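Everything on this sheet refers to the single structure shown next.
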Amino acid sequence: MVIREVEITNFGKLHNVKLSFQDGMNVVYGDNETGKSTIHAAVRAILFGLDRQRGKASRTDEYSRYEPWVNPSSYEGMLRFQEGRAVYRIYRCFGRNHKKTEIINETTGEELSEEELRQLLNGMTESSFTNTLCVGQMKTAPGQSFTEELQNTAANYLSAGDTEWDIRRAFAFFAAEKKELMKKYQPKLEETVRSAERELCAIEEELLQQSMHKEKAQAELREMRKEIEKEKQAYENSNKRKRLVYTELGISIVSFFIMILCYILNDWRDGVWIFGILALTSGFFAWKGHRLTKTSFAFMEAEKRERLLSDQIRKVEWKLEQMRERAAMYQNSLEGCRRQLEENQKLHKQIESLILAEQTLKKVAASMQSTISGQMMDHMSQLLSEITKGRYQKIYFQGNQELFLYEEGRKIPLYQLSRGTAEQVYLALRIAAADCVMGYYTFPLLLDETFVYYDDERLKNTLSVLAEQKRQIVVFTCHHREETFLREMEKNCLLLRL
């Protein structure tokens, strides 16, 4: 693929800018703040599209960054590129209310879809393009050395072929997440819940037994009260009879003494018989009435049993109340434990998912590394050897942790080398990664102020190697060194000034 022409109508600070490129080496020169990085961003936006983010992200996204202040409806640009013998034109308007895309095969006049464009670009995505063929200065994260960042970048390329996969950070994330989840996870909670359930079941069983015992006692009490009612009636009748018995007994005693008196005095013989018969008759009726008063003792015994049963029922009710309170307490505790258990089970699933994801990532990384690593390291070594004129002939990545370079049989760790050499390693890494990802397909290489840390000799060697690459190269720079050295080496170069 070769970019033939870029026409920017309105993009960021650029208005009505038109640039034409050739095969091979192109140098775009301009002072700082003249729009070199904007051209770079416009090429990427026209190739892959540019969408506005939503919410707070829209304030700082790339769409808002390059949206023109003047006439934003003409936020648009066009790129023409050649693939094989065919020439294609991509036109995009990014305006909020005027979005439009046209992809035309100018050779045949056919209009293409976004999917056909992706196939035409051999599946190259904006992410892959940004992380391989758009090369600037190596940027480091806050608190991280250049060497650490470069080694991490190399590890991601070798493990996945893309810096979007931050392998080390992913594993660190998995470890941190597992640690955080394990703090919340309670391995003995299930046993606690089962123990509480057993205890509650025992309480409920005892409650059932006590309730049955209470119902039985209440039924017995009801029967007892019926019996007491009968005994009470009999007792009341018995009390009436008692009074009559005492009266009869009194009459019998008085009659007996009168009979004795009559007998002693011998004055009233008939009175002896009369009072004797009256005493016997009253005594008989008193004796008979005394036998009937025994029902009062049965009534008293029934009342005593009623009191015992009532006391027993009150005790059972008190015990039931205590057990209900205990059961309610266990029920509330159990409900809380069950909610915790649900959360615990979710945590367990999350932990298992993290472990599975970590294992899968390791397998994928190992699989991709076995496919990419050897080929990519060889390609990097070849490029670095050419750039350094054979000084460093091989790059070695030990245990996915540290980069080493070989110089005349000596293994030198990357941290002992200069920033300029490390930048050369970075460039070789990006080109090798692009070649491994894209295979035979050659995509243009865009270099944006890439050679700031290069000395003159290192820059000459690097430009010489790049000029021999079988791909289009566009160098954006604010220095004249690139143009001067390319002219001195008589390399074919197109200079574009902004």
Side-chain angles (χ1 to χ4, degrees), residues 3 6 19 21 24-44 128-141 146-147 149-154 157 163 379-380 382-389 392 395 403 405 414 417-435 437-438 442-489 491 493-498:
I3 298 174
V6 175
L19 300 172
F21 300 95
M25 185 69 71
N26 300 266
V27 177
V28 180
Y29 170 80
D31 294 331
N32 290 328
E33 305 297 329
T34 56
K36 300 186 298 299
S37 296
T38 304
I39 295 174
H40 194 167
V43 169
R44 189 170 64 249
S128 298
F129 179 64
T130 302
N131 290 314
T132 55
L133 293 163
C134 291
V135 185
Q137 297 175 46
M138 179 70 176
K139 300 295 190 299
T140 60
F146 177 83
T147 301
E149 183 68 21
L150 179 53
Q151 288 181 160
N152 188 50
T153 303
Y157 272 126
T163 55
H379 195 14
M380 280 178 64
Q382 179 185 352
L383 285 169
L384 187 63
S385 178
E386 292 174 359
I387 290 172
T388 61
K389 294 294 185 182
Y392 301 106
I395 300 175
L403 275 170
L405 275 65
L414 182 64
L417 301 173
S418 67
R419 174 68 185 255
T421 302
E423 287 280 0
Q424 287 180 309
V425 172
Y426 180 57
L427 178 61
L429 171 65
R430 299 281 289 247
I431 296 174
D435 288 342
V437 171
M438 299 303 295
T442 55
F443 213 87
L445 177 63
L446 307 183
L447 305 173
D448 189 6
E449 299 292 0
T450 307
F451 308 121
V452 174
Y453 290 95
Y454 286 42
D455 56 39
D456 290 350
E457 188 63 29
R458 182 178 279 118
L459 179 57
K460 285 181 182 179
N461 294 339
T462 303
L463 289 173
S464 177
V465 173
L466 291 176
E468 300 300 323
Q469 287 275 310
K470 294 181 180 179
R471 59 159 43 94
Q472 184 183 40
I473 297 174
V474 181
V475 179
F476 296 89
T477 181
C478 63
H479 301 283
H480 293 284
R481 292 193 305 164
E482 290 83 355
E483 177 192 1
T484 302
F485 293 153
L486 286 168
R487 300 293 186 199
E488 288 178 1
M489 293 183 291
K491 300 293 184 180
C493 168
L494 175 64
L495 178 64
L496 303 169
R497 295 182 182 275
L498 297 180

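This is a predicted model, so every value here is computed, not measured.
For the atom pair OG1 of Thr388 and CG of Leu383, the computed distance is 10.5 Å after rounding to the nearest 0.5 Å. Going from atom CG of Leu446 over to atom NZ of Lys36 covers 14.0 Å, rounded to the nearest 0.5 Å. Between the OH atom in Tyr426 and the OG1 atom in Thr450 there is a gap of 8.5 Å [rounded to 0.5 Å]. To the nearest 0.5 angstrom, Lys470 atom NZ is 10.0 Å from Thr442 atom OG1. The CZ atom of Arg497 sits 13.5 Å away from atom CG of Leu19, with the distance rounded to the nearest 0.5 Å. In this structure, the separation between CG on Leu427 and CG on Leu384 is 9.5 Å, given to the nearest 0.5 Å.
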Might you work through the salt bridge (charged side-chain N to carboxylate O under 4.0 Å, His left out) test for Arg481 and Glu488, ending with a clear yes or no? CA-CA 10 Å; Arg481 292 193 305 164; Glu488 288 178 1; over 6 Å; no
List the steps, then state whether side-chain contact (heavy atoms from CB on, under 4.5 Å) holds for Ile39 with Val474. CA-CA 11 Å; Ile39 295 174; Val474 181; over 6 Å; no
Let me see the working for Glu468 and Lys491 under salt bridge (charged side-chain N to carboxylate O under 4.0 Å, His left out), right down to the final yes or no. CA-CA 9 Å; Glu468 300 300 323; Lys491 300 293 184 180; 2.7 Å; yes
Take Leu498 and Val28, measure what side-chain contact (heavy atoms from CB on, under 4.5 Å) needs, and give me the verdict at the end. CA-CA 7 Å; Leu498 297 180; Val28 180; 4.0 Å; yes
So Val452 and Arg419, side-chain contact (heavy atoms from CB on, under 4.5 Å) or not? Walk me through it. CA-CA 10 Å; Val452 174; Arg419 174 68 185 255; over 6 Å; no
Please walk me through it: do Leu463 and Glu482 pass side-chain contact (heavy atoms from CB on, under 4.5 Å)? CA-CA 8 Å; Leu463 289 173; Glu482 290 83 355; 4.3 Å; yes
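In this structure the side chain of Glu33 never reaches within 4.5 angstrom of the side chain of Thr38, judged on heavy atoms. Residues Val475 and Asn26 are not in side-chain contact: their nearest non-hydrogen atoms beyond the backbone lie 4.5 Å or more apart. The closest side-chain heavy-atom distance from Gln472 to Leu445 is not below 4.5 Å. Using a 4.5 Å heavy-atom threshold, the side chains of Val465 and Asn461 count as separate. The shortest distance between side-chain heavy atoms of Gln424 and Tyr392 does not fall below 4.5 Å. Taking the side chain as every heavy atom from C-beta outward, Glu386 and Leu466 never approach each other to under 4.5 Å. Val27 has its side chain out of reach of Phe476: every pair of non-hydrogen atoms, C-beta onward, lies at least 4.5 Å apart.
For Asp31 and Tyr29, the side-chain atoms include at least one donor-acceptor pair closer than 3.5 Å. A side-chain N or O of Thr421 and one of Arg458 form a donor-acceptor pair less than 3.5 Å apart. Between the side chains of Asp448 and Ser37, at least one donor N or O lies within less than 3.5 Å of an accepting N or O.
Across Val425 and Leu405, no two heavy atoms sit closer than the pair CG2-CD2, 4.0 Å. Closest approach of Ile3 to Pro444, counting heavy atoms only: CG1-CG, 3.9 Å. Contact detail for Ala428 and Met380: the closest heavy-atom pair is O-CG, 3.8 Å. For the residue pair Tyr454 and Glu423, the shortest heavy atom distance occurs at OH-O, 3.4 Å.
For the pair Lys460 and Phe485, the distance from NZ or CZ to the six-membered ring centre is under 6.0 Å and the angle to the ring normal is within 45 degrees.
With hydrogens and angles ignored, the 3.5 Å screen pairs a side-chain donor or acceptor of Glu449 with a backbone N or O of Cys478.
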